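Written out below as structure tokens is the structure these notes cover.
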Amino acid sequence: MTRTRFAPSPTGFMHIGNLRTALYEYLIAKSQNGKFILRIEDTDQNRLVLEAEKIIFDTLKITGLKYDEGPDIGGNFGPYVQSERKEIYKKYALELIKNNHAYYCFCDKEEFNAEDRFSEKNKCNCKNLSADEIKKNLEAGKNFVIRQNIPDGETSFFDQVYGEITVKNSELDDQVLIKSDGLPTYNFANVIDDHLMEITHVVRGCEYLSSTPKYNLLYKAFGWQIPEYIHLPLILDEHGEKLSKRKGAASFEDLMKMGFLPEAIINYIALLGWSPDNNQEIFSLAELEKKFNVRGLSKSPAIFDLAKLKWMNGEYIKKMDKDKFYNLALDYFKKNIKKSDLDYKFMAEAAQTRVEFIEDAWKLFDFVDELRDYDLDLFLNKKMKVTHEISYDVLNCVLDKLKDIELKNWYGENLKNVLMDLAKEKNLKTGQIFWPLLIALSGKKNTPCGATEIAEMLGKDESLKRINFAIEKLK
RNA sequence: GGCUCGUUGGUCAAGUGGUUAAGACACGGCCCUUUCACGGCUGUAACAGGGGUUCAAAUCCCCUACGAGUCACCA
């Protein structure tokens, strides 16, 4: 059975790249009826961030990436937190030492750090220590790490995205397996855990591509079966650099704060580095589970494009249940617009197809409370052949007609009829009536609905006031 | 610097030896429309460069350029 795992370290926010890795891991498992496991890699005690685990749980919950096993829900392969597995790693490390695939190293940490990174390999003689010397050091309580003993030769592996990759073993370090604090490094722990947890497909960012040969050597040393490897290309920011916190939207939390819907985020990042067999763009998670295949994964890095995510967010807003959108938009209407006798239902409906963020819905109606001064040239409209003169004349006629309408008849449909009649009477195009009126009432070119609907929204007094103001302005 | 990987329009991308080199976002135009939007139609715009192999190359090979990853007691 296919088993994949998401193995984040709890060091802070949920990076978009990590979330996408989790998504693909989830999809690979689910598309094959397999299991998706969450494992917390907290072996670096210095980088732990409080709350970070909660962010991981919450994000997976919000996005719907439901895991089958994990620290908070258990499973048959636990514990699912690496710091609780310390003894397990130790045991396997000792086994490697016994078989000469690893060795004790008593060197001081500082010695190595001081060395030039690009110069010759760290030369540590600990590999050649005699059994006696090792015993003496251990008994003396000397600090040690356990290092992997990389053999000569070369190592190849097959990656489902990048294909066959071969590296000379001389390029590989005798990496540390167990740190001096007794905890394993990622490099060791991931191999042990992936094996013990029976992970079949190791999915991770391609920054691990170059250390994969070392992991393979470990699998080989234990005589374990090597899992399928699926390395993922990077996600970059708009400058072609690594996504970073400083430049804005690097994390899921950031995007949520900006008003993006979780479904839209998931849909968008699914397409960053993967493409389906057809041209479909909008996918629910359930659809992705059905259609995802490793074949569609790309090798080259992708740039995170906020503009396209915005478009997608708009698509999800349009698809959203009307009542749901209404309820969400209502808060913003009430909070930001003072006028209260408004048809919020109507407003929500008008906004739903025009907005990329729910919190922007009210902005379409920002002219309701107050008419901001506007440029006279807004009246000009080539297509409808509207000029300043026509606007002036039309608004005078409109004012004439409207001022006699009784309050009980002041509603959109009726106003529209009255003005249509006016157009006929004056032999004008309908646009030549409605355009100047729209500008006069709203002071803007882009409005969420038509002129008569706005007139209804504003009420008779306010509408006439604004028409008068426009006439004065045009004089 | 060594090693490894990558490079199709501004962006995401399809493409696996013969295509008018898809589609989406963004941008422009047109239609619909009392505005805007939605929707529909449409336009601009790409195989990093150079060598091979082949009747034929975006596709296979080599070189160059550029970019990235890695070379931690971080993951």
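For clarity, every value in this text was computed on a predicted model and none was experimentally measured. Heavy atoms only: backbone and side chains are in, while hydrogens, waters and symmetry mates are out.
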- Query: Hey, which of these two, A:Thr166 or A:Lys444, hits RNA chain B nearer its 5' end, going by closest nucleotide?
  - Reply: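 Looking at RNA chain B, the more 5' nearest nucleotide goes with A:Thr166.
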- Task: Name the residue closer to the 5' end of RNA chain B, choosing between A:Glu164 and A:Ser9 according to the nucleotide with the nearest heavy atom.
- Result: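 First, find each residue's nearest nucleotide; the 5'-ward one identifies A:Glu164.
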Nucleotide nearest [X] when distance is taken to its side chain, options [options]:
{"X": "A:Glu41", "options": "B:rC73, B:rA75, B:rU34", "answer": "B:rA75"}
{"X": "A:Leu272", "options": "B:rC12, B:rU34, B:rG23", "answer": "B:rC12"}
{"X": "A:Lys416", "options": "B:rU34, B:rC38, B:rA75", "answer": "B:rU34"}
{"X": "A:Ile165", "options": "B:rA75, B:rG6, B:rU4", "answer": "B:rU4"}
{"X": "A:Val145", "options": "B:rG2, B:rG39, B:rC73", "answer": "B:rC73"}
{"X": "A:Tyr162", "options": "B:rU34, B:rC5, B:rC25", "answer": "B:rC5"}
{"X": "A:Thr43", "options": "B:rC3, B:rC12, B:rA75", "answer": "B:rA75"}
{"X": "A:Ser300", "options": "B:rA75, B:rU7, B:rA13", "answer": "B:rU7"}
{"X": "A:Lys179", "options": "B:rA75, B:rG39, B:rU34", "answer": "B:rA75"}
{"X": "A:Lys318", "options": "B:rU16, B:rU11, B:rC38", "answer": "B:rC38"}

- Do the side-chain N and O atoms of A:Asn216 and A:Tyr229 include a donor-acceptor pair separated by under 3.5 angstrom?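 Note: A:Asn216 and A:Tyr229 side chains meet the donor-acceptor criterion.
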For [X] and [N], what is the distance between atoms [atom1] and [atom2] respectively, to the nearest whole Å?
{"X": "A:Trp274", "N": "B:rG23", "atom1": "CH2", "atom2": "P", "result": "19 Å"}
{"X": "A:Asp237", "N": "B:rG10", "atom1": "CG", "atom2": "C1'", "result": "15 Å"}
{"X": "A:Asn313", "N": "B:rC12", "atom1": "CG", "atom2": "P", "result": "20 Å"}

Look for any protein N or O under 3.5 Å of an N or O in nucleotides 65-70 of chain B and output each such pair with its distance, or none.
{"from": "B:rU70", "atom 1": "O4'", "to": "A:Ser210", "atom 2": "OG", "distance (Å)": "3.1"}
{"from": "B:rU70", "atom 1": "O2'", "to": "A:Ser210", "atom 2": "OG", "distance (Å)": "3.4"}

- Task: Could you please spell out the steps behind the side chain to side chain donor-acceptor pair (under 3.5 Å) verdict for A:Ser251 and A:Asp254?
- Result: CA-CA 5 Å; A:Ser251 74; A:Asp254 291 336; 3.2 Å; yes
- Query: Less than 3.5 Å between a donor and an acceptor, one on the side chain of A:Lys383 and one on the base of B:rU35, is that the case here?
  - Reply: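 Result: no qualifying N/O pair found.
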Each nucleotide N or O in nucleotides 41-43 of chain B that has a protein N or O under 3.5 Å away: list the pair and distance.
none

- Note on the structure: RNA chain B in dot-bracket form (Watson-Crick or G-U pairs under 3.5 Å, [ ] crossing, | inter-strand) is ((((((((.[[[..)..(....]]].(((((.......)))))....[[[[[..)....]]]]])))))))....
